[in-house]
There are 2 protein chains.
Amino acid sequence: MEVPVAKVDPLPDVALPIQQILSVEKAQRMAEFFGTLGDPNRWRILSALALAEMRVRDLAAAVEMTESAVSHQLRILRTMRLVGYRKQGRNVLYSLKDHHIMNLYRDVSEHLDEPDDGVASP
Amino acid sequence: MEVPVAKVDPLPDVALPIQQILSVEKAQRMAEFFGTLGDPNRWRILSALALAEMRVRDLAAAVEMTESAVSHQLRILRTMRLVGYRKQGRNVLYSLKDHHIMNLYRDVSEHLDEPDDGVASP
DNA sequence: CAAAAGTATGAATACCTGTTCATGTGTTAT
DNA sequence: ATAACACATGAACAGGTATTCATACTTTTG
């Protein structure tokens, strides 16, 4: 029997889930993840993969990096489960595994585009 | 006068705003920001400030860091406009400037809590 | 089978980053 | 005024990180 109930978000956008200082472990995991997104070339790689599944070779050409460098970075992105891959002959096709990342991109992009409301140094 | 209109998100969660590879400049700005969130101690500081406005001194005690180290980090967080401050006598009270950050925390926290669907190395 | 293509990996190096230590600046108290 | 307090800052040092280079591995092609 069909139940016509719309999915309800568990919490609205107002959510502020922090009730105490992050433990060192949790903070470390957070930092590790965000740190992964703390490199410009990795962002270029991710944005390229957001467009299409791609070979390492083409990726390297697209972002103007050495294939070796790209390969190294892909390993890191794999570790963070941000990209997936599938082998096809002697090629390896990489793709964005978690498109959720692009939401982070949007959110932060908005933050960065906010005007500088006069922030001086103390 | 109070206007009882619920805020409406401009775009649903499906948004995927990337249509081309990020420019080096844009990627750099992204990386710079995410890199700021790529340090465990900064996360602990932010989470502490999410609880309450705090002096540097108390902050240092709360996250178990040197006041100097905290001060250094606060400067970085200030630069990224993540925290604000107000002077009060010889104290300086810091606070979370952009609570939006905590949404990032929630989102990524969910990502990290996803089970490992067997991701082997190629 | 040998050569070539595509990718991965390890070591080395240059660069960046965060903490500590010492010191400086501004404010309150005696 | 002088001492004490709160915070900021610069230099120095240690640890981490990303690229390059050389090489190895795997699959395809001749």
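Proteins get letters first, then strands, A, B, ... in listed order; numbering begins at 1 in each. Hydrogens, waters and symmetry mates are skipped; everything else that's a heavy atom, side chains included, is used.
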Would you say the base of C:dT9 stacks on A:His72 (centre-to-centre below 5.5 Å, plane angle below 30°)?
yes
May I have the distance from B:Met65 (atom CE) to C:dC21 (atom P), rounded to whole angstrom?
14 Å
What is the nucleic acid contact for B:Ser68, judged by heavy atoms within less than 4.0 Å: base, sugar-phosphate only, or nothing?
base
note: A:Glu67, atom CD; D:dT19, atom P; distance rounded to Å ~ 15 Å
Output the rounded distance in Å from CG (B:Leu37) to C1' (C:dT17).
16 Å
OP1 or OP2 of D:dA8 versus the side-chain N and O atoms of B:Tyr94: is any pair under 4.0 Å?
yes
Students often mix this up, so state it plainly: with edges at 30° and 60°, are the rings of A:Phe34 and B:Phe34 parallel, tilted or perpendicular?
parallel
Of all the choices, C:dT7, C:dT19, D:dA18, which nucleotide is nearest to the side chain of A:Val92 once you look at every atom?
C:dT7
C:dT27 phosphate, OP1 or OP2: any side-chain N/O from B:Asn91 under 4.0 angstrom?
no
In whole angstrom, what separates A:Met80's CE from D:dT17's C1'?
14 Å
Look at all strands and tell whether A:Ser71 reaches a base, only sugar-phosphate, or nothing, counting heavy atoms closer than 4.0 Å.
base
Taking only side-chain nitrogens and oxygens of A:Thr66, does any of them come within less than 4.0 Å of OP1 or OP2 of D:dT19?
no
Using only side-chain N and O atoms of A:Gln73, determine if any of them is under 4.0 Å from OP1 or OP2 of D:dT19.
yes
Any cation-pi pair here, B:Arg55 with B:Tyr94, using under 6.0 Å and within 45°?
no
Taking the side chain of A:Val56 as its heavy atoms from C-beta onward, which of C:dT19, D:dA6, C:dT7 lies nearest to it?
C:dT7
Contact under 4.0 Å: A:Arg90 side-chain N or O vs D:dC25 OP1/OP2
no
Given atom CZ of B:Arg78 and atom C1' of D:dT9, what is their separation to the nearest angstrom?
11 Å
Whole-Å distance separating the NZ atom of B:Lys87 from the C1' atom of C:dT28:
15 Å
Whole-Å distance separating the CZ atom of B:Arg57 from the P atom of D:dA4
15 Å
Any side-chain heavy atom of B:Ile101 within less than 4.5 Å of one from B:Leu96?
no
Taken to the nearest whole Å, CG/B:Leu74 to P/C:dT19 is 11 Å
Return the 5'-most residue of the pair A:Thr36, A:Gln88 with respect to DNA chain D, ranking by each residue's nearest nucleotide.
A:Thr36
So which one's nearest nucleotide on DNA chain D is more toward 5', B:Arg75 or A:Asp39?
B:Arg75
Side-chain atoms of residues 60-73 of chain B: list all donor-acceptor pairs with protein atoms under 3.5 Å, sequence neighbours left out, distances to 0.1 Å.
unit_1	atom_1	unit_2	atom_2	d
B:Gln73	OE1	B:Arg42	NH1	2.9

For residues 25-32 of chain A, which side-chain donor-acceptor pairs fall under 3.5 Å, sequence neighbours excluded?
unit_1	atom_1	unit_2	atom_2	d
A:Glu25	OE1	A:Ser23	OG	3.4
A:Lys26	NZ	B:Ser109	OG	2.8
A:Arg29	NH2	B:Asp113	OD1	3.3

